[in-house]
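Contents: one structure, followed by commentary.
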Amino acid sequence: MSRLLDCISKQLLVSFVPPLHNTTTVPRQEMQGEKMRWSNLFIPTLREDPADAEVSSHRLLIRAGYIRQLTAGVYSLLPLGQRVRLKVMQIIREEMNRVGGQEFFLPALHPAELWKESGRWEVMGENMFKFRDRKSTEMGLGMTHEEVFTSIARHSISSYRQLPQVWYQIQTKFRDEARPKSGLLRVREFTMKDAYSFDVDRTGLDKSFQDQYDAYCRIFTRCGLKYTAVEASSGAMGGSQSTEFMVRTEAGEDHIVLCEKCGYAANVEKATSKLPDVDDGDGATATEEFPTPGVHTIEDLTTFPGGASADRQIKTLVYVLDDNVALVLMRGDHELNEIKLQDATGAINIRHAQADEIREALGASAGSLGAVGVTRSSHPKITLVIAEEALRGRRNMTTGANKDDHHLRGVAIDRDISVDKWASLRSVKAGETCSTCGGVLDVFKAVEVGHIFKLGTKYSDSMGARVLLADGTEVPIIMGSYGIGVERAIAAAVESFHDKAGIAWPASIAPFHVVVTPVNIKDQELFGTAQRVYDELVKAGIEALLDDRDERAGVKFNDADLIGVPYRITIGKKVKEGKVELMTRSTRESEDVSIESVVPVIAAKLEASIT
RNA sequence: CGGGGCGUGGCUCAGCCUGGUAGAGCGCUCGGUUCGGGACCGAGAGGUCGUUGGUUCGAAUCCAAUCGCCCCGACCA
């Protein structure tokens with residue numbers, strides 16, 4: 001038994017690295033001197049729900065005394081919150097180290113100059129906190145650290161012999177979100193583990209990427225999270241392969257497409273599906289214009305006499321992509337996904353065109369727009385006509401005539417429209433067919449807790465990080481970028497594991513493993529037993545909390561349920577029979593256990609749930 | 001950035017429409033009774049009503065400006 005406990009205590013409490021700045025590990029309880037007595041701790045639980053909290057994780061983390069809001073999107077972590085954060089950070093740290101990661105600690109304060117080199121000072125725009133120092137030098141708060149890590153690499157790495165390298169840090173990131181919301185799920189200041197790999201070639205990058213992928217799976221599994229790794233858009237910052245680690249929750253803002261049958265999983269920003277073939281018949285030999293007074297929407301045209309069903313229409317959207325006007329062609333019943341448009345065109349800023357811009361470019365107003373006959377010479381304002389894949393080869397379609405209150409029918413895409421580019425631009429809908437296996441696709445909401453992708457040479461090129469190969473040629477370093485949002489993972493855990501009474505933490509990230517609750521502290525026998533059990537738990541390396549408050553049992557039970565400690569040992573009347581109660585928070589099941597065996601029983605349960 | 005809502009003891013809120021100098025519940029302090037799922041009785045402490053300006057004899061209340069927070073949307077490597 002002592003071997004078993006020893007083993008657990010190592011798993012739970014060993015510090016792998018010395019404390020550095022804000023990233024210390026949870027101190028060993030037995031070395032703290034002070035006992036973890038509830039009466040001495042700052043655990044400000046609230047009896048009522050906070051008024052401003054909507055989502056469960058936000059509501060519960062505040063009510064259970066884990067966090068307090070300082071200002072919009074900025075939260076203080078109270079002692080319980082910090083304990084959980086340190087647990088998550090320690091798991092991340094161990095798994096990063098396991099795949100050869102070396103921990104750094106980089107500044108949060110960055111000179112604008114560095115970000116201008118990579119071009120992201122402009123790209124990030126308002127999302128970056130920017131200001132001037134006393135000398136009037138432009139500065140920013142780091143949103144991420146590609147630039148800083150790359151600047152270190154370019155100064156100190158010059159030979160292929162020094163590669164590969166995997167560098168990481170766990171540090172505060174700042175993003176001036178337009179709309180912070182949902183407690184810790186979307187904030188302006190947060191802890192991120194960001195890692196970067198540096199390799200000589202693509203093969204090296206593939207290995208580094210796979211290492212990180214494996215590490216992420218272990219991290220989220222150890223945190224007790226049920227995650228799905230999905231194909232994702234790498235966004236405007238570029239990257240060839242992009243995987244997001246998502247936790248399913250209604251509070252999430254991302255939409256994930258999943259095939260239960262073959263396991264295909266992708267963010268809707270990336271997902272594709274197979275649509276049934278459409279038989280268009282032979283098609284008309286030429287287009288025919290017809291008047292459509294009062295018809296301004298796809299819906300209008302489906303009911304208009306001589307109109308067409310939505311899947312027989314071409315929807316023409318006008319977008320401004322980095323100051324260039326583009327026509328986006330979608331099937332009438334399909335929805336454009338703007339991220340896909342961004343990915344397909346490489347545009348950084350995209351927006352709907354304004355009414356006057358539309359009229360200037362096409363000579364008609366929204367509701368009567370079409371791409372038939374639109375060419376560079378006929379419509380010089382239009383720089384791109386991009387069409388959705390589902391429109392390929394379609395005939396007998398109906399679309400706007402670029403003449404108010406008129407439409408065209410008998411349109412054949414290949415014959416009548418000059419398409420510059422084809423792309424997958426539509427959002428997949430639940431119930432569509434999986435293009436891999438033919439199964440049925442499901443769509444659900446999720447929160448992104450991790451994101452890994454291959455950067456390639458974007459930063460090494462722009463910032464000049466190069467190495468010499470054995471043959472003397474100089475090549476840019478190939479990079480990868482790998483992030484985890486620590487507080488977001490915590491919030492995702494609460495979203496996943498809670499009930500009406502409060503939080504039910506996975507044991508691996510719970511602030512304490514056990515709470516010892518004497519039903520009445522004035523009863524010397526009960527309280528004495530509680531103290532002995534507590535001492536033995538601590539000795540066994542188990543993180544215990546003694547609820548020594550002079551409160552009624554109901555208050556203590558409710559608080560214990562609220563803060564979500566995985567196990568509760570209730571010390572009550574049955575002490576006279578040599579027994580205590582062991583309650584499992586997640587199932588709320590209770591069992592009587594003899595006083596002597598309660599510590600080993602808990603140790604065994606923890607060993608089973610903490611890996 | 002567009003739309004909506006809200007700022008009143010630590011927390012959740014009432015009072016505002018119809019101006020007259022601030023209330024409840026919870027929490028907190030003290031005393032007593034209670035004691036296995038947020039007890040009860042009694043006595044207390046605690047608020048420049050977000051801020052600034054205006055109207056008025058008098059403003060939490062009416063007007064204006066401003067700051068902040070929340071929600072929806074836009075936005076979001």
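All of these numbers come straight from a predicted model, not from anything done at the bench. First the proteins, then the strands, lettered A, B, ... as listed; each starts at 1.
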Does a donor on one side chain and an acceptor on the other come within less than 3.5 Å for A:Tyr459 and A:Arg154? no
In this structure, how many angstroms lie between the C1' atom of B:C75 and the CZ atom of A:Arg351, rounded? 14 Å
Could you state the CG-C1' distance from A:Leu46 to B:G38, rounded to the nearest angstrom? 13 Å
A:Arg488/A:Glu244 salt bridge by N-O under 4.0 Å criterion: no
Which is true for A:Arg186 with a 4.0 Å heavy-atom rule: it touches a base, it touches only sugar-phosphate, or it touches nothing? base
pair_partner(B:G10), Watson-Crick or wobble, both distances < 3.5 Å, evaluates to B:C26
Tell me what A:Lys573 touches on the nucleic acid: a base, only sugar-phosphate, or nothing, going by heavy atoms under 4.0 Å. base
Selected nucleotide, minimal atom distance to A:Ala178 side chain, candidates B:A74, B:U12, B:C71: B:A74
Result of checking A:Glu113, A:Lys116, A:His110 against A:Glu138 for side chain to side chain contact (heavy atoms under 4.5 Å, CB included): A:Lys116
In this structure, how many angstroms lie between the P atom of B:C1 and the CD atom of A:Glu126, rounded? 8 Å
Spacing of the C1' atoms in B:U61 and B:U21 (rounded, Å): 12 Å
On the side chain of A:Arg568, is there an atom forming a donor-acceptor pair with the base of B:G37 - under 3.5 Å, no angle test? yes
What integer distance in Å separates A:Phe42:CZ from B:C28:P? 14 Å
Please enumerate all residues that pass side chain to side chain donor-acceptor pair (under 3.5 Å) together with A:Asn324, with sequence neighbours excluded. none
Closest-nucleotide 5' rank along RNA chain B - winner of A:Lys522 and A:Pro50: A:Pro50
For B:U61, give its Watson-Crick or G-U wobble partner with both distances under 3.5 Å, or none. none
Tell me what A:Glu244 touches on the nucleic acid: a base, only sugar-phosphate, or nothing, going by heavy atoms under 4.0 Å. nothing
Euclidean distance for P, B:A60 against B:C17 (whole angstrom): 12 Å
Pairing partner (Watson-Crick or G-U wobble, both distances under 3.5 angstrom) of B:G19: none
Tell me whether A:Lys579 at atom NZ has more than 12 heavy atoms from other residues, nucleotides or ligands lying less than 6.0 Å away. no
Ignoring backbone atoms, establish whether A:Arg47 has a side-chain N or O less than 4.0 Å from OP1 or OP2 of B:G27. yes
For the residue pair A:Arg549 and A:Ser39, confirm or rule out a side-chain donor-acceptor distance under 3.5 Å. no
Tell me which of A:Ile571 and A:Glu54 sits closer to the 5' end of RNA chain B, going by the nucleotide each one is nearest to. A:Ile571
With a non-hydrogen cut-off below 4.0 angstrom, is A:Asp52 in contact with a base, only sugar-phosphate, or nothing? sugar-phosphate
Can a donor-acceptor pair under 3.5 Å be found between the side-chain atoms of A:Asp559 and the base atoms of B:G38? yes
When the distance from CG of A:Asp547 to P of B:G37 is rounded to whole Å, what number comes out? 15 Å
Atom C1', compared across B:U18 and B:A59: separation rounded to whole Å: 14 Å
Using Watson-Crick or G-U wobble geometry with both distances under 3.5 Å, which nucleotide pairs with B:G2? B:C72
Taking B:U33 as the reference, what is the distance to B:U48 when you measure between their C1' atoms (whole Å, please)? 40 Å
Grab the CG-P distance between A:Asp499 and B:G37 for me, whole Å please. 18 Å
Scan side-chain atoms only and decide if A:Ser481 and A:Glu146 contain a donor-acceptor pair under the 3.5 Å cut-off. yes
Identity of whatever pairs with B:U48 - Watson-Crick or G-U, under 3.5 angstrom: none
From CG of A:Asn127 across to C1' of B:C76 the rounded distance in Å is 6 Å
Please work out which residues in residues 60-72 of chain A have a non-hydrogen atom less than 4.0 Å from an atom of RNA chain B and list them by number. A:Arg63, A:Gln69, A:Thr71, A:Ala72
Could you work out the separation of B:G10 and B:C16 based on their C1' atoms and round it to a whole Å? 24 Å
When you check the phosphate oxygens OP1 and OP2 of B:C75, does a side-chain N or O of A:Arg179 lie under 4.0 Å from one of them? no
Can you check the A:Leu562 CG to B:G27 P distance for me, whole Å? 15 Å
Could you check which nucleotide pairs with B:A39 in any of the strands shown, counting Watson-Crick or G-U wobble with both distances under 3.5 Å? B:U33
Say you draw a straight line from CZ of A:Phe453 to CE of A:Met479; how long is it, rounded to the nearest 0.5 Å? 10.0 Å
What residues, two or more places apart in sequence or in another chain, satisfy salt bridge (charged side-chain N to carboxylate O under 4.0 Å, His left out) together with A:Arg179? none
If the threshold is 4.0 Å, N to carboxylate O, is there a salt bridge linking A:Glu335 and A:Lys429? yes
Just call it for A:Arg588: base, sugar-phosphate, or nothing, with non-hydrogen atoms closer than 4.0 Å on any strand. base
Between B:C75, B:G36, B:G37, which nucleotide gets closest to the side-chain atoms of A:Val519? B:G36
Contact class for A:Asp523 (heavy atom, under 4.0 Å): base, sugar-phosphate, or nothing? nothing
Considering only heavy side-chain atoms of A:Glu48, the closest of B:C72, B:C75, B:C11 is B:C11
Taking the P atom in each of B:G23 and B:G46, what is the distance between them to the nearest angstrom? 13 Å
C1' atom, B:U8 versus B:G68: distance in rounded Å? 15 Å
With no angle test and no hydrogens, is the base of B:G36 tied to the side chain of A:Glu581 by a donor-acceptor pair under 3.5 Å? yes
Of all the choices, B:C76, B:U12, B:G37, which nucleotide is nearest to the side chain of A:Asp561 once you look at every atom? B:G37
C1' spacing across the pair B:U66 / B:G7, given as an integer number of angstrom: 14 Å
Might you confirm whether atom NZ of A:Lys315 has over 12 heavy atoms from other residues, nucleotides or ligands at distances under 6.0 Å? yes
